[in-house]
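I have placed the structure first, in the form of structure tokens, so that the comments after it can refer back to it.
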Amino acid sequence: MKIYNSLSGQKEEFKPAGEVVKIYVCGITPYDDSHIGHAMSYVIFDVVRRYLEYRNFKVKYIQNFTDIDDKIINRANRLGIPAKELADRFIERYFRDMDSLNIRRADSYPRVTEEIPEIIKVVQGLIDRGHAYQAGGSVYFRVKSDPDYGKLSHRNPEGISGDTAEENKESALDFALWKASQEGEPSWESPWGAGRPGWHIECTAMALKYLGTTIDIHGGGEDLVFPHHENEIAQSECYTGKKPFASIWMHNGMVQLGKEKMSKSLGNIIPIKDLLNIHSADAIRLFIINSHYRSPLTYSEEGLDAAEKGLERLRQAALKNTDSATNQSEINITDYRQRFITAMDDDFGTPQAVATLFDLAREINKGREEHRDISQAQQTLTELANILGLTLAKKEDALLEANPFIELLITLRNDLRAAKQWQLADKIRSSLTELGIILEDSPQGTTWKSKK
RNA sequence: GGCGAUGUGGCCAAGAGGUUAAGGCGGGGGUCUGCAAAACCCCUAUUCGGCGGUUCGAAUCCGCCCGUCGCCUCCA
């Protein structure tokens, strides 16, 4: 099994260091609703985890919440509520969105504000080793003390301008590990006075605490490569003296909205909850995994509609019952399963894995027409879809208050049909269609569904 | 400006030296139906941004050009 490693820029054979595959994925800063970009990232790492488990790896999956930072503080102050209350609110919403998307929960979700002692320990350790220094009430990481700095983002430190806003620093490249407390901000006591953690240090502290000095896979969005992950590597490796901090760095591409990246700073965000009002979770997932995780994903309504339609085919193939088989020839499930595995083993080739699902669906449909026994093939289709986090569950039609009246009209119309009063029967059907109720006649009777 | 991606049919999207260029949507044809709808089946790129080069052979490798995007500041 091969995985592309951002650190080396190549696909590498995946071999976890121990019995359990240790995965750390950067989580969110909870100050606003989660959007499609988050959905993409976490769906992808959910698939990574599910697939590894399918391949009989044991997985420990940790994801953090950066629940204290400038954006949270500013937003909370504007709303006149404590930072913790704001973070709690959006963490709760985050879980609701992710659960809706059928994303399995991580084994643990450490929060920065609950890991302060661990963070202080790491910062102190970095000072002791000469990799960090105190200035004012803050502590900064000394970038020039790390000869490896830049290895993940493939940059030369000389080519990085750095942030010159904080004037106590030895160098513009240095970044805060601990920030001195300011008026109106939550703070914690530390050997350097009251303050709060800098942005990158929490991931180092949490990864070390929950997973140990070497993790197998570290994931996140491509936009985190620099500076976040670069700084994380520097801190972690300088602190433990052990390399690599993470064996494989996986980064997913960005969601594009039209021609630009969707991001909070550009304000062009589509919240997951809005999307879930229109599309099924399965369709959103299919839309995401239908292209490769490292490529940018362009959001489009058409794309989601297409995913919804395609998904319906898979559902039909997997769920639709068949008459008793009279034809003994079976579908060769092994071939499809093998294709699926081959695709996924090559850096999580979900587009090809999905293509395999569609091919299997066609084979099932053909088999059904030929009265072959398709039950095993259907089971396989569902099983493989599940690995991608697709449930293929039947859509539940919402119960409408008009329900009994629709049933009444259908009965009436069927009486008219029996009497071959086609014109009147069709009028009922077309009138209902205009109201968003679609009738479908079949040998088993008439069914209806709302258009939505 | 520096670093890095990427350009494949109407749209989305795989493939990365060699039999017929995956798959989805759309479109066309058909089965079923009183007619529809739904569902299913079949068909739908001699060609891979442009121009050169390497090779017996290139969408796949090399060079140049054109276009698009990301990162270099907070971001999944």
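What's counted below: heavy atoms across the whole structure, side chains too, no hydrogens, waters or symmetry copies. Chain naming here is simple, since letters A, B, ... match the order of the sequence lines and numbering starts at 1 in each.
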### Task
Test for a donor-acceptor pair under 3.5 Å between the base of B:C35 and the side chain of A:Asp441, counting only N and O atoms.
yes
### Ion pair check, A:Asp32 and A:Lys71, cut-off under 4.0 Å
no
### Task
Taking only the side-chain nitrogens and oxygens of A:Lys366, find out if one of them lies under 4.0 Å from OP1 or OP2 of B:C42.
yes
When rounded to the nearest Å, what value does the distance between [atom1] atoms of [N] and [M] take?
{"N": "B:G70", "M": "B:C25", "atom1": "C1'", "value": "27 Å"}
{"N": "B:C41", "M": "B:C65", "atom1": "P", "value": "49 Å"}
{"N": "B:G53", "M": "B:C12", "atom1": "C1'", "value": "33 Å"}
{"N": "B:C66", "M": "B:G28", "atom1": "C1'", "value": "36 Å"}
{"N": "B:G4", "M": "B:C62", "atom1": "P", "value": "14 Å"}
{"N": "B:C32", "M": "B:G26", "atom1": "P", "value": "23 Å"}
{"N": "B:U44", "M": "B:G34", "atom1": "C1'", "value": "32 Å"}
{"N": "B:G63", "M": "B:G27", "atom1": "C1'", "value": "40 Å"}

[Y] versus [X], side-chain donor and acceptor atoms under 3.5 Å:
{"X": "A:His292", "Y": "A:Gln352", "result": "no"}
{"X": "A:Ser247", "Y": "A:Asp216", "result": "no"}
{"X": "A:Tyr54", "Y": "A:Arg50", "result": "no"}

Measure from the side chain of [X], starting at C-beta and using heavy atoms only, and say which of [options] lies closest.
{"X": "A:Arg429", "options": "B:A36, B:C40, B:C74", "result": "B:A36"}
{"X": "A:Lys71", "options": "B:G2, B:C74, B:A76", "result": "B:C74"}
{"X": "A:His38", "options": "B:G70, B:G34, B:A76", "result": "B:A76"}
{"X": "A:Gln256", "options": "B:C69, B:A38, B:A76", "result": "B:C69"}
{"X": "A:Asn365", "options": "B:A36, B:A76, B:C40", "result": "B:C40"}
{"X": "A:Glu440", "options": "B:A39, B:A38, B:A76", "result": "B:A38"}

### Task
Would you please test A:Leu432 and A:Arg413 for side chain to side chain contact (heavy atoms under 4.5 Å, CB included) and show each step?
CA-CA 11 Å; A:Leu432 281 171; A:Arg413 174 170 166 272; over 6 Å; no
### Message
Can you confirm whether or not the ring centre of A:Phe245 sits under 6.0 Å from the ring centre of A:Tyr24?
### Response
no
### Summary
Heavy-atom contacts, protein to nucleotides 14-29 of chain B, under 4.0 Å, summarised as B (base), S (sugar-phosphate only) or - (none) per nt, yield SS------BBSSS---
### Task
List in chain and number order the residues that pass salt bridge (charged side-chain N to carboxylate O under 4.0 Å, His left out) with A:Arg362, two or more places apart in sequence or in another chain; answer none if no residue qualifies.
A:Asp359
Nucleotide forming a Watson-Crick or wobble pair with [N], both distances under 3.5 Å:
{"N": "B:U68", "result": "B:A5"}
{"N": "B:U47", "result": "none"}
{"N": "B:A21", "result": "none"}
{"N": "B:U33", "result": "none"}
{"N": "B:U60", "result": "none"}

Just to be sure I understand the rule, does [X] reach a base, reach only the sugar-phosphate, or reach nothing, if contact means heavy atoms closer than 4.0 Å?
{"X": "A:Gly349", "result": "nothing"}
{"X": "A:Val25", "result": "nothing"}
{"X": "A:Arg413", "result": "base"}
{"X": "A:Gly303", "result": "nothing"}
{"X": "A:Tyr42", "result": "sugar-phosphate"}

### Query
Do the side chain of A:Glu230 and the main chain of A:Leu152 share a donor and acceptor less than 3.5 angstrom apart?
yes
### Summary
Per nearest nucleotide of RNA chain B, the residue lying toward the 5' end, A:His154 or A:Lys420, is A:His154
### Task
Looking only at non-hydrogen atoms, find the nearest pair between A:Phe287 and A:Thr298 and report the distance.
CZ-O, 3.3 Å
